[in-house]
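This report refers to the structure that appears directly beneath it.
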Amino acid sequence: MLKFDWNMLWTLINLIVFFLLMKFFLFNPIKKVLNKRKELIDKQFKDAEEAQRQAEDIKTQYQNQLDGVEEEKKQILATARTTAKNEYNKIIDKAHDDADKIKSDAKKASDFENEKTRRAVKEEIAALAMETAEKVVGKSASAQLDSKLYDEFLEESSD
């Protein structure tokens with residue numbers, strides 16, 4: 001059977017004391033370091049999750065801004081097209097108005113020249129008629145008679 005030996009007892013006591021010393025001086029400090037390390041890692045994970053969430057928020061904001069910029073671009077282009085079309089129409093209308101004015105002025109000038117030419121022709125015809133009448137009558141009548149004949153001739157020829 002088993003014999004009880006003092007060596008065994010002292011070995012057992014030494015083991016218990018060694019275990020308590022190891023626990024107090026080695027295991028507890030290592031456990032504290034591991035707990036601190038775990039807390040640090042947990043904090044880093046939380047910070048990383050927060051940074052990722054913020055990055056996603058910023059990405060969403062930028063995406064919304066890009067969508068807004070695209071819509072604003074479309075509005076600016078539509079406004080520019082409308083403005084350009086209005087300017088084009090104004091220029092075309094002004095050109096038509098200017099062309100109509102030029103045509104009107106040209107017609108007035110043409111009518112004036114025609115009337116001036118008609119008067120000149122009438123005066124020349126009247127002068128020729130007077131010369132012919134003088135040659136037929138043989139002498140010049142009075143200035144009143146010449147003027148009266150001239151006016152009658154002009155009235156008849158204008159009709």
Side-chain angles (χ1 to χ4, degrees), residues 1-129 147 150-159:
M1 178 91 184
L2 283 178
K3 278 190 187 175
F4 182 72
D5 191 10
W6 284 100
N7 279 335
M8 256 176 88
L9 179 66
W10 283 112
T11 303
L12 185 61
I13 292 173
N14 279 337
L15 279 175
I16 292 173
V17 168
F18 182 68
F19 175 75
L20 291 174
L21 286 174
M22 291 287 279
K23 183 177 178 181
F24 182 74
F25 288 111
L26 184 65
F27 296 143
N28 283 341
I30 289 176
K31 192 174 182 182
K32 286 180 185 178
V33 168
L34 289 176
N35 284 337
K36 286 181 183 178
R37 182 77 170 157
K38 183 181 176 196
E39 288 173 3
L40 180 66
I41 290 170
D42 289 342
K43 184 179 181 282
Q44 287 175 344
F45 274 123
K46 287 179 185 176
D47 291 345
E49 288 174 2
E50 180 65 24
Q52 185 176 5
R53 187 190 59 76
Q54 288 176 352
E56 288 175 4
D57 289 344
I58 291 171
K59 179 184 173 188
T60 303
Q61 288 174 354
Y62 285 141
Q63 188 62 40
N64 290 339
Q65 287 177 350
L66 285 176
D67 294 341
V69 166
E70 187 67 29
E71 186 63 33
E72 186 177 346
K73 178 183 88 170
K74 288 178 184 177
Q75 288 176 348
I76 289 171
L77 285 174
T79 303
R81 284 186 185 120
T82 303
T83 304
K85 188 172 184 174
N86 289 341
E87 287 296 319
Y88 172 78
N89 289 336
K90 284 180 185 177
I91 291 169
I92 294 298
D93 290 343
K94 187 174 185 319
H96 285 302
D97 292 344
D98 290 347
D100 291 343
K101 185 179 181 211
I102 290 170
K103 285 179 186 178
S104 174
D105 290 347
K107 182 161 176 44
K108 287 178 184 176
S110 173
D111 291 345
F112 178 74
E113 286 297 319
N114 285 340
E115 186 61 34
K116 187 176 168 184
T117 305
R118 281 187 191 146
R119 282 187 200 148
V121 168
K122 284 180 185 180
E123 288 175 8
E124 192 175 324
I125 290 173
L128 287 173
S147 177
Y150 178 75
D151 289 338
E152 286 176 8
F153 179 76
L154 284 178
E155 284 180 24
E156 288 176 13
S157 66
S158 66
D159 291 338

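For reference, positions follow the sequence shown, starting with 1. Excluded from the calculations below are hydrogen atoms, water molecules and symmetry mates; all remaining heavy atoms, backbone and side chain alike, are included.
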Would you give the length of the straight line joining atom CG of L20 to atom CZ of F25, rounded to the nearest 0.5 angstrom?
-> 11.0 Å

Tested for side chain to side chain contact (heavy atoms under 4.5 Å, CB included) against I41, the lone hit among K38, R37, K43 is R37

So how far is it from E124 CD to T117 OG1, rounded to the nearest 0.5 Å?
-> 11.5 Å

Can you tell me how far the CD atom of E49 sits from the NZ atom of K46, to the nearest 0.5 Å?
-> 9.0 Å

D57/R53 salt bridge by N-O under 4.0 Å criterion = yes

What distance separates N35 CG from L40 CG, expressed to the nearest 0.5 Å?
-> 12.5 Å

Count the heavy atoms of every other residue, nucleotide or ligand shown that sit under 6.0 Å from CD of E113, and state whether that count exceeds 12.
-> yes

May I ask you to decide if A106's main-chain N or O and S110's side chain share a donor-acceptor pair within less than 3.5 Å?
-> no

Could you tell me whether K101 and D97 have a side-chain N and a carboxylate O separated by less than 4.0 Å?
-> no

Could you state the interatomic distance from CG (D67) to OH (Y62), rounded to the nearest 0.5 Å?
-> 15.0 Å

Below 4.5 Å, heavy atoms only, C-beta onward: do L15 and F19 meet side chain to side chain?
-> no

How many angstroms lie between atom OG1 of T83 and atom NZ of K90, to the nearest 0.5 angstrom?
-> 9.0 Å

Identify whether the distance between the nearest side-chain nitrogen and carboxylate oxygen of E70 and K73 falls below 4.0 Å.
-> yes

Start with the C-alpha gap between K94 and D98, add the side-chain angles, then the distance that decides, and say whether salt bridge (Lys or Arg N to Asp or Glu O under 4.0 Å) holds.
-> CA-CA 6 Å; K94 187 174 185 319; D98 290 347; 3.3 Å; yes

Residue from T11, I13, N7 passing side chain to side chain contact (heavy atoms under 4.5 Å, CB included) with L9 | I13

Are any side-chain N or O atoms of T79 and backbone N or O atoms of Q75, one a donor and one an acceptor, separated by less than 3.5 Å?
-> yes

Name the one of K107, K108, E115 that satisfies side chain to side chain contact (heavy atoms under 4.5 Å, CB included) with D111?
-> K107

Can you check whether K85 reaches N89 side chain to side chain, under 4.5 Å on heavy atoms?
-> yes

